Visitor: 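Starting off with a structure, shown below.
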Amino acid sequence: MAERKHDALLINQRDNVAVAIRDLVKGQRALVKGEGFEEEIELLEDIPFGHKFAVRDLETADKVIKYGQTIGKASRKIRKGAHVHDHNIEGIRGRGDTAAKEDVR
């Protein structure tokens, strides 16, 4: 039996979002693989190639982590399998009003 090809990558073990390596559709059970991680995740929305989706539920203000780095904060609750993009994350890099707070943590 042939091994099933994965649909998305989890680049770093700290990541809470995976990156689609092909166009994915709502309702699909996407196979996500990464170092020490393999899971099928039901997608709640269409996910275009190169975009990201949550691999676990995120609460408002949770850090969004991609490639092992914080790329923003959830601006609302994000369910596992949902598209993660400008509509539900807020960037924190380069923002002088949040930089000082981020450095303290």
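Since the model is a prediction, treat every value here as computed from it, not as a measurement.
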Visitor: Does this structure show an ion pair linking D62 with K73, if we count only N-O contacts that are shorter than 4.0 Å?
Guide: no
Visitor: Can you check whether T70 reaches V64 side chain to side chain, under 4.5 Å on heavy atoms?
Guide: no
Visitor: Where the side chain of D23 meets the backbone of P48, is there a donor-acceptor pair that is under 3.5 Å apart?
Guide: no
Visitor: Looking at every heavy atom in both A20 and A8, which two are closest together, and how far apart are they?
Guide: CA-CB, 4.0 Å
Visitor: Is it true that I21 and I11 fall in one hydrophobic cluster, defined by side-chain heavy atoms closer than 4.5 Å?
Guide: yes
Visitor: Can you tell me which residue among D57, L44, N16 is in a side-chain contact (heavy atoms from CB on, under 4.5 Å) with K80?
Guide: D57
Visitor: Is it the case that over 12 heavy atoms from other parts of the model lie below 6.0 angstrom from the CZ atom of R79?
Guide: no
Visitor: Looking only at atom types and distance, does a side-chain atom of Q28 sit under 3.5 Å from a main-chain N or O of V25, one as donor and one as acceptor?
Guide: yes
Visitor: Roughly how far, to the nearest 0.5 Å, is the NZ atom of K33 from the CD atom of E40?
Guide: 10.5 Å
Visitor: Would you name the heavy atoms of R14 and G68 that are closest together and state the gap between them?
Guide: NH1-O, 2.5 Å
Visitor: Measure across E38 and L31 and return the closest heavy-atom pair with its distance rounded to 0.1 Å.
Guide: CG-CD1, 3.8 Å
Visitor: Excluding sequence neighbours, so at least two apart, what forms side-chain contact (heavy atoms from CB on, under 4.5 Å) with E35?
Guide: Q13
Visitor: As an exercise, state the distance from NZ of K63 to CD1 of I71, rounded to the nearest 0.5 Å.
Guide: 13.0 Å
Visitor: May I ask you to decide if the ring planes of H85 and H83 are parallel, tilted or perpendicular, using 30° and 60° as cut-offs?
Guide: parallel
Visitor: If we ignore hydrogens and angles and just use 3.5 Å, is the side chain of R76 paired with the main-chain N or O of N88 as donor and acceptor?
Guide: no
Visitor: Looking at D7 and A30, what are the two nearest heavy atoms and their distance?
Guide: OD2-CA, 3.4 Å
Visitor: Linking Ile, Leu, Val, Met, Phe, Trp and Tyr through side-chain heavy atoms less than 4.5 Å apart, which residues share a cluster with I47?
Guide: L10, L24, V32, F37, I41, L43, F53, V55
Visitor: Report the distance from atom NZ of K52 to atom OH of Y67, rounding to the nearest 0.5 Å.
Guide: 8.5 Å
Visitor: Side chain of T60, backbone of K77: donor and acceptor closer than 3.5 Å?
Guide: yes
